[in-house]
> 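What follows is a single structure, and I will ask about it in a moment.
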Amino acid sequence: MAIYSASVKTVSRGGGRSATAAAAYRNGEEITDERTGEVHDYRRRTGVEHVASFAPEGMAPQPSAELWNRAEAAEVRKNARVAREVLVALPHELDQVQRRELAKSIAQGLADRYGTAGTLAVHQPDREGDNRNHHVHILMTTRRLDASGQLGEKTRELDDVKRGPQEVEWIRAMIEGRTNQSLERAGLEARVD
């Protein structure tokens, strides 16, 4: 039985976090934070199966270190939200390629709706945990890309007290729809709700 799980969280300086550290950890890579000089090196991290950058339709994805340093540079407040993470369970019934395609589809849906760029990291289940816990960390900017590919205005609709919860419901419904389409294409009867 396919399991549904999707959550939306923010990465905030107010919580002592940075977009560069979050991306380096999730992607299992090394990123030097140009703002602070701190080096975040997670290249020895295991379980990261696939990493990809994404951007809105018609725009070129940007390299991870470059994008997340630009996201940090775009914010001046000491408690700024510098990234947003969408964590999604991927059905264990799908094979590796099908899970990657589903992750890319979900990230593209987010990029197209909000005009944001980001990176996705498909993770394998932990060795000690549930061996069905395939999941993707989708890290996206809190600012839209403008026509020149620069970070512009904030995605305020996700922060709004009234509209924010409606947007999270849209995200969860989009993930449900795309997951069920993937399961159907794979010839599986399992569905998520």
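Small disclaimer: the values here were computed from a predicted structure and weren't measured. Only heavy atoms go into these numbers, but all of them, side chains included; no hydrogens, no water, no symmetry mates.
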> For the pair Glu72 (side chain) and Ala19 (backbone), establish whether a donor and an acceptor sit closer than 3.5 Å, ignoring hydrogens and angles.
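Looks like yes, one N/O pair under 3.5 Å.
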> Measuring only between side-chain heavy atoms, which start at C-beta, is Glu93 closer than 4.5 Å to Gln98?
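The answer is no; the side chains never approach within 4.5 Å.
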> Is there side-chain contact between Arg45 and Tyr25, with heavy atoms separated by less than 4.5 Å?
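Arg45 reaches Tyr25 side chain to side chain.
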> Any donor and acceptor pair, going by atom type alone, linking the side chain of Arg43 with main-chain N or O of Gly28 inside 3.5 Å?
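Checked: no pair found.
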> Kindly say whether Ile175 contributes a backbone atom to a donor-acceptor pair with the side chain of Tyr4 at under 3.5 angstrom?
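Pair absent, no side-chain N/O of Tyr4 close to backbone of Ile175.
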> Check for me whether the distance between the ring centres of His123 and His135 falls short of 6.0 Å.
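Between His135 and His123, which both carry aromatic rings, the centre distance is below 6.0 Å.
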> Using a 3.5 Å distance criterion without hydrogens, assess whether the side chain of Arg163 forms a donor-acceptor pair with backbone atoms of Arg156.
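Here the side-chain-to-backbone pair does not exist.
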> May I ask you to decide whether Glu157 forms a salt bridge with Arg84, counting only side-chain N to carboxylate O separations under 4.0 Å?
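Result for this pair is no, no salt bridge flagged.
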> Give a yes or no on whether a salt bridge exists between Lys162 and Asp160, defined as a side-chain N under 4.0 angstrom from a carboxylate O.
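Not counted as a salt bridge, because no side-chain N and carboxylate O are separated by less than 4.0 Å.
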> Side chains of Ser18 and His40, heavy atoms from C-beta outward: is any pair under 4.5 Å?
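Counting from C-beta outward, Ser18 and His40 do come under 4.5 Å.
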> Give me the atom names and distance for the closest heavy-atom approach of Pro91 to Leu102.
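Taking Pro91 first and Leu102 second, the nearest heavy atoms are CD-CD2, 3.8 Å.
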> With respect to Glu75, which candidate in Arg35, Arg81, Arg143 satisfies the side chain to side chain donor-acceptor pair (under 3.5 Å) definition?
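Only one option passes, and that is Arg143.
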> For Thr32 and Val39, indicate whether the former's side chain and the latter's backbone hold a donor-acceptor pair under 3.5 Å.
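Not confirmed, Thr32 side chain does not pair with Val39 backbone.
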> Just by distance, do the side chain of Asp159 and the backbone of Gly164 share a donor-acceptor pair under 3.5 Å?
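Side chain of Asp159 to backbone of Gly164: no pair is present.
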> Verify, without hydrogens or angle tests, whether Thr10 (side chain) and Ser12 (backbone) share a donor-acceptor contact under 3.5 angstrom.
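Checked: no pair found.
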> Got Phe54 and Met140 here, is their nearest side-chain heavy-atom distance under 4.5 Å?
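Phe54 reaches Met140 side chain to side chain.
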> Can you pull out every salt bridge (charged side-chain N to carboxylate O under 4.0 Å, His left out) where at least one residue sits in residues 113-123? Sequence neighbours excluded, please.
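Every salt bridge (charged side-chain N to carboxylate O under 4.0 Å, His left out) pair that includes a residue of residues 113-123, provided the two are not neighbours, is Arg113-Glu167.
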> Test your reading of the model: is there a side-chain donor-acceptor pair from Glu101 to the backbone of Ser182, 3.5 Å cut-off?
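No, the answer is negative, given that no donor and acceptor are paired below the 3.5 Å cut-off.
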> Answer yes or no: is there a side-chain heavy-atom contact under 4.5 Å between Val82 and Thr142?
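The answer is no, as the side chains (C-beta and beyond) never meet within the 4.5 Å cut-off.
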> When rounded to the nearest 0.5 angstrom, what distance separates CG in Leu139 from CG in Leu110?
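Leu139 atom CG to Leu110 atom CG measures 11.5 Å (nearest 0.5 Å).
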> Counting distance only, does the side-chain N/O of Arg144 pair as donor-acceptor with the main-chain N or O of Tyr114 below 3.5 Å?
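Indeed, once roles are kept as given, a pair shorter than 3.5 Å links the two residues.
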> Mind listing the closest non-hydrogen atom pair of Ser64 and Ile31 along with its distance?
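For Ser64 and Ile31, the tightest heavy-atom pair comes out as OG-CD1, 3.7 Å.
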> Can you see which heavy atom on Thr141 is nearest to which on Trp68, and at what distance?
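Taking Thr141 first and Trp68 second, the nearest heavy atoms are N-CH2, 3.7 Å.
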> Without swapping roles, check the side chain of Asn27 against the backbone of Val51 for a donor-acceptor pair under 3.5 Å.
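A pair under 3.5 Å: no.
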